[in-house]
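In what follows, a single structure is set out as structure tokens and then discussed.
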Amino acid sequence: MHVLVLGVVLFAAASRWLHSFVLTRTDLATAGTVFSGVFVQAVPFLVFGVLVSGLIAAFVPADRLARWLPQRSGAAIVAAAAGGALIPGCECGSVPVARRLFGDGSTGAAALTFMLAAPAINPVVLVATAVAFPGQPQMVAARAGASLLTALTMGVLWARLGRPEWITRRLRSPAVAHDSSRWVLFVEAARHDFLQAGAYLTLGAASAAALHVLVPPWVYEGLAGRPILGILAMALLAFALALCSEADAFVASSLTMVPLVPRLVFLVVGPVVDVKLVAMQVGMFGRPFAIRFAPVAFVVAIASATVVGGALLGGLR
Amino acid sequence: MNREAENALLLLVGISTAMVAVTGVFTRYVKPSLLPWLIVSAVVLIALALISIIRDLRHPPHGDHHGHDDHSHANGVVWALGLPVVVLIFVVPPALSPRAATATVQSVSNDVLRHPYPPLPAGTAPELSLPAAVARATYDTSGSLDGRVVTIVGFTYKDGSSTDLARITITCCAADARLSRLQLAGPATTGTATLPENTWLRVQGVVTPPKSGEPPSVPVMTASSIERIGAPVDQYAYLTL
């Protein structure tokens, strides 16, 4: 606490100097603006996410959730994907929600499917994609199909291969067990999830800002025009930029020297795995989970987008 | 980090969100329509912090098994939330500079995207946003810009020897910023070469499609009148759904 107070006083004293120093350094100013953009944009979605996650903690005990879901894990995964597709969420909000749904692991595959489906194929994102690619409804269909395929595949993979012991980050057992009114449980869960996910969101936003400034765009552009390298370059770009899933379609539509399939890869990879999401998954699920989940999700998303894109968008051109 | 400091940091994050919302600084980072959601978020965060602080004062959490030893290694990272507080309250980064937006900008030239646009508003020299004019010049098959004088606001942007009229467009936040440009031409532009970069102008003229050829191709605006103006409140143009 003393450190915090001291820090605030110091920064307040240095504020004018900090401000003018940042103004004189263009790349620092850009990084600061991009960081603020990613963070401020994510805050409302994260707040909405932790409120939902607090409600789940207070009102939906894990055993009841397991009872609601279909018994067979395959059906549960499909139900979770459908639920995710209907709810207009953003990736920042769906990570804490998925962690709560995950609970002690009995509904793990369904929770992860929900986490991947919710930001990628909800109505808002699909409308944004349709607007960004006017006259190309097959782009919307390809995005929805490839993202759904990714979410379902990851759910099935988790059901087959996932290990509960990879989840090292426990949900805090509320510090209020004896007077556990629903309200206190709700506030405690929302508070804990915001601090945890918000801290990792900060790290992710800072990484995105750094990559934005440090990696020159020609690196991606030079690679993007070639068939196989292009797919990889666009996937890495999606990872590095950490865009909101409602905005990425507009960025993709502006990358016109790139063929459509790599641009679809960009749209499918972004909501599934990017630098800020990996940071948040480390925070909510733990490092052993994230270092396995993120690379597999990255590969599955690229493969899904390439296959679906190849079928719907007319090959790699 | 102990619970007391966590609550204080949560409160500070709420306050910094409220500050960027109330002062209007947030328009440098995200689109204006996010304002109500930022205010709601700030209220929720401040409320969560205050409720926790008050509850801890009434029922001090120390002294029994409520300890957070099982969580101590995880809590260090919560300090990261100090970064947005410092950046948003004390550093306050400026709006994106055009040169920074160039990085993510591509000029558009996809024939598949061509389709007829709705007609322009009636009247002489209707106002049109710069990205909308670029989109029409590039994609419109109905010829709605042909021979029409329109009014466009933007800032000067030097590209080699020529001076362009430019505007930064954002969809969600500053991370997805793109630069839209129109090449200025015509007798009214004689003075523009001497203007410093980033001078805001209101230009009337006719926009013609880019010369077909290799991208990047920038549409041309043949200006009939140019007026210097101050920087508008909303520095960015926004793509609306």
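Predicted, not measured: the structure shown is a model, and the values here were computed from it. Hydrogens, waters and symmetry mates play no part in the numbers below; they use all other heavy atoms, side chains included. Residue numbers start from 1 in every chain, and the chains themselves are labelled A, B, ... in the order their sequence lines are given, proteins ahead of strands.
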Quick one: of B/Leu9, B/Ile51, B/Leu83, who has the most non-hydrogen atom pairs under 4.5 Å with chain A? B/Leu83

Would you mind telling me which of B/Val40, B/Leu88, B/Leu45 has the largest number of heavy-atom pairs within less than 4.5 Å of chain A? B/Leu45

I'd like to verify something: which residue of A/Leu201, A/Val187, A/Val34 has the highest number of heavy-atom pairs under 4.5 Å with chain B? A/Val187

Side-chain donor or acceptor of B/Glu197 paired with backbone N/O of B/Lys158 under 3.5 Å: yes

Among A/Gly283, A/Gly198, A/Pro44, A/Gly32, the residue with the most heavy-atom pairs under 4.5 Å to chain B is A/Pro44

Where on A/Phe21 is there a heavy atom nearer than 4.5 Å to chain B: the side chain, the backbone, both, or neither? neither

Answer with side chain, backbone, both or neither: which region of A/Leu23 has an atom nearer than 4.5 Å to a non-hydrogen atom of chain B? side chain

Counting only non-hydrogen atoms closer than 4.5 Å, does A/Ala14 touch chain B with its backbone (N, CA, C, O), its side chain (CB onward), both, or neither? neither

Select all residues of residues 12-25 of chain B having any heavy atom within less than 4.5 Å of some heavy atom of chain A, and report them by number, or 'none'. B/Leu12, B/Val13, B/Thr17

Okay, side chain of B/Asp140, backbone of B/Ser142: is any donor-acceptor separation there less than 3.5 Å? yes

Between A/Thr33 (side chain) and B/Pro93 (backbone), is there a donor-acceptor pair under 3.5 Å? no

Is NZ or CZ of B/Arg167 both nearer than 6.0 Å to the six-membered ring centre of B/Tyr236 and within 45° of the ring axis? no

Side chains of B/Ser41 and A/Phe48: closer than 4.5 Å at any heavy-atom pair? no

A/Gly7, A/Ala12, A/Ala242: which one forms the most heavy-atom pairs within less than 4.5 Å of chain B? A/Ala12

Closest contact, heavy atoms only, A/Phe194 versus A/Leu46: CE1-CD2, 3.7 Å

Can A/Glu188 and B/Arg3 be said to form a salt bridge (Lys or Arg N to Asp or Glu O under 4.0 Å), step by step? CA-CA 12 Å; A/Glu188 277 301 309; B/Arg3 209 180 142 84; 2.7 Å; yes

Check: A/Arg191 side chain, B/Leu48 main-chain N or O, donor-acceptor pair, under 3.5 Å: no

Under a 4.5 Å heavy-atom cut-off, does chain B meet the side chain of A/Phe11, its backbone, both or neither? both

Taking B/Thr156 for its side chain and B/Asn198 for its backbone only, find out whether a donor-acceptor pair lies under 3.5 Å. yes

Heavy-atom distance under 4.5 Å to chain B: side chain of A/Ser36, backbone, both or neither? both

